[in-house]
Amino acid sequence: MQMERKQEQWTALKEAVDGEWIAQMAHALVEIPSATLQEAEVCRYFAAQLVELGFTVDRREVSEGRYNLYARLPGRGNGPSLTLNGHLDTIPIGGCVPCRREGDRLYGRGSTDMKGAMAAMLGALRALKAAGVSLNGDLWLAAIVGHEQPEAGKDGPLALVEDFRSGRVGGDRILIGEGWNELWVMSMGTMVFTIELTSARGGTHTTYVPFEENPIRFVGDLIRRITAYQEELDAGASHPLAGTERIDLGMVEAGDYFNRTPVQCRLTGTVRWGPRACAEEVLAELRELAAPIAKAGQLALEVSMFHEREPFETPADDPAVLAVAQAHRFVHGDGAVLAGKRIVGDANLFVNLAGVPSFYYGPSNETAHSDNEWVSLRRLEQAAQVFALAAAAYCGLNGAGE
Ligand SMILES: [Zn+2]
């Protein structure tokens, strides 16, 4: 009896999602250019839509004229709360195809990354209101700026972190609307590292320095040691979702003249590692790996990192992840794929800095950042259905009797 009631409620909620409304909203959003740092106009438009839907909008200034937008669908106060999150900025339009709607597709910069998903989130809120259901816990929407381009220094996501910490925004879980019908629940950490070997001897004519004492030969040793480190990683535990960890080198710099020993040698590269360690621990491993080589060459060693981002992992059986999986199955009839990646995203920040378990599930991402960016309108409708049903499953549906 209760199962039947729930089935009815879920079907009604799914049917309350208006695909055409979402398509038009996505179209309108894509028509407003919003490269990172130039999001003011799209924010104004998005906020106005929220107001139209009956929400009070908290405009959180990130920098002059640029706002994160927060809205809350209040629950009855006796269930967990969920935050739907996404960004309104895009990479520059560049050579991207102009905005146009054609059949099932909406083309243009930001269509798949990720104004389509933002329209789907609005569509989900609208459906929850239209279906007249009330949730037990709050459902939040956090539309942010400053995600894409490094110039913004992630100011929008970091402002959201601050707002979670201060309680300006609630939400026991954050669902980021990026990706493609998969539950992306884990990302490796990443860092850029440099290893510097410095000789106290200064630059010396190579004729006076036996080759085995030349700092550059120790760079060779160090590269061999890094090769061995990767082999150790390959032989070690592989993450079930993201595979093995990686160390990569991008730059080797040493020397300034053909017959002079280099004063300083520098290797620069990246490491991508799993939830087993934090950035400081990985940095210590690099230091440990290079130390014997520096010592053998009587070279001063300096190992440093920058742009480091800690890994995150939200368990596959987390109640919010299960809620999205259940909603996905209801809409698509099959199970959502679980994914882990070597690339980092905002979830790394939200989990590690705000302490809120986060994960991704979105309508599409395949043409993100390409010059032929487009999104399937059908997928936006389905994503909105999944968002609305996931909120019902996680926050609790009043009267669902579960
Ligand atoms: Zn994106």
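In listed order, ligands and their atoms are each counted from 1.
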Atom name, D113 (N, O or S, nearest to the Zn ion (ligand 1)): OD1
Which N, O or S atom of E178 lies nearest to the Zn ion (ligand 1), by name: OE1
ring-ring contact (aromatic ring centres under 6.0 Å, His included) pairs, two or more places apart, involving residues 326-352: W10-F330, H328-H332, H328-Y361
Salt-bridge criterion met for R44 and E41 (N-O under 4.0 Å): no
Minimum heavy-atom distance L88-S34, with the two atoms named: O-OG, 2.8 Å
Short N-O contact, R225 and E288, less than 4.0 angstrom: no
Residue H87, metal the Zn ion (ligand 1), N/O/S under 2.8 Å: yes
